[in-house]
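Here's the structure we're looking at; comments come further down.
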Amino acid sequence: MSQSIFEQYDIFKTMNPIKIQVMKELAENMKGKQMKDAAPLLIAASNKLKSNNLSFTPEEASVLMEILTKDMSPQEKAKVEMMKNIVRKRQ
């Protein structure tokens, strides 16, 4: 039996269970979708966290992006990296 992606990262051993659930739901909802379709799903996940007075740490967000982009082509991953850089520059 293969290991779940969520068992491959040590960060999940100490993460708040609500954050893990939100991350799992997001990963499941993103299956088969392109990143251009991700915005509504990401906003919904963010809102769910906020309703529980939670947010992802930078490390958790990084792991989440790694999980969401694991099956993408190199070109799609490059687009995601470009978007992340644009967002960082605006902060």
Side-chain angles (χ1 to χ4, degrees):
M1 185 173 182
S2 67
Q3 193 178 33
S4 161
I5 189 86
F6 290 93
E7 296 169 346
Q8 296 176 21
Y9 295 91
D10 288 337
I11 193 170
F12 293 111
K13 293 177 183 174
T14 58
M15 188 186 291
N16 181 303
I18 294 171
K19 289 183 180 185
I20 294 171
Q21 185 59 39
V22 169
M23 207 178 273
K24 283 182 176 181
E25 288 172 6
L26 183 58
E28 184 64 30
N29 291 336
M30 281 296 299
K31 279 186 182 170
K33 292 188 173 68
Q34 295 182 4
M35 281 308 285
K36 67 179 181 154
D37 302 321
L41 300 173
L42 292 168
I43 290 168
S46 177
N47 288 340
K48 190 168 187 176
L49 288 175
K50 284 180 186 177
S51 72
N52 287 286
N53 294 319
L54 297 170
S55 63
F56 289 128
T57 66
E59 183 182 11
E60 292 165 346
S62 177
V63 169
L64 176 60
M65 289 309 296
E66 196 172 313
I67 291 169
L68 294 179
T69 61
K70 72 179 175 53
D71 294 327
M72 289 184 177
S73 70
Q75 294 83 3
E76 290 174 308
K77 287 182 182 184
K79 288 178 187 175
V80 171
E81 284 303 314
M82 189 170 52
M83 286 190 295
K84 284 171 35 181
N85 290 333
I86 290 169
V87 170
R88 277 190 209 120
K89 289 177 184 176
R90 290 185 178 179
Q91 292 178 341

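In this chain, residues are counted from 1 in sequence order. Because the structure is a prediction, the values reported are computed rather than measured.
- Remark: K50 engages no residue in a side chain to side chain donor-acceptor pair (under 3.5 Å) (not counting sequence neighbours).
- For the residue pair F56 and A61, the shortest heavy atom distance occurs at CB-N, 4.1 Å.
- Considering only residues two or more places apart in sequence or on other chains, I18 meets the side-chain contact (heavy atoms from CB on, under 4.5 Å) condition with N16, V22, N52, L54.
- Legend: residues meeting salt bridge (Lys or Arg N to Asp or Glu O under 4.0 Å) with K48, ordered by chain and number and at least two apart, are E25.
- Between F12 and I67, the closest heavy-atom pair is CZ-CD1, 3.9 Å.
- The shortest non-hydrogen separation linking K77 to K70 is NZ-O, 3.9 Å.
- Taken from CD1 in I20 to CE in M15, the straight-line distance is 6.0 Å, to the nearest 0.5 Å.
- Interatomic distance, E81 CD to M65 CE, rounded to the nearest 0.5 Å: 7.5 Å.
- Side-chain contact between L68 and L42: present, with at least one pair of heavy atoms (C-beta onward) separated by less than 4.5 Å.
- Residues satisfying the side-chain contact (heavy atoms from CB on, under 4.5 Å) criterion with T57, sequence neighbours excluded, are K19, E59, E60.
- With sequence neighbours excluded, no residue forms a side-chain contact (heavy atoms from CB on, under 4.5 Å) with K79.
- Residues meeting the salt bridge (Lys or Arg N to Asp or Glu O under 4.0 Å) test with K13, sequence neighbours left out: D10.
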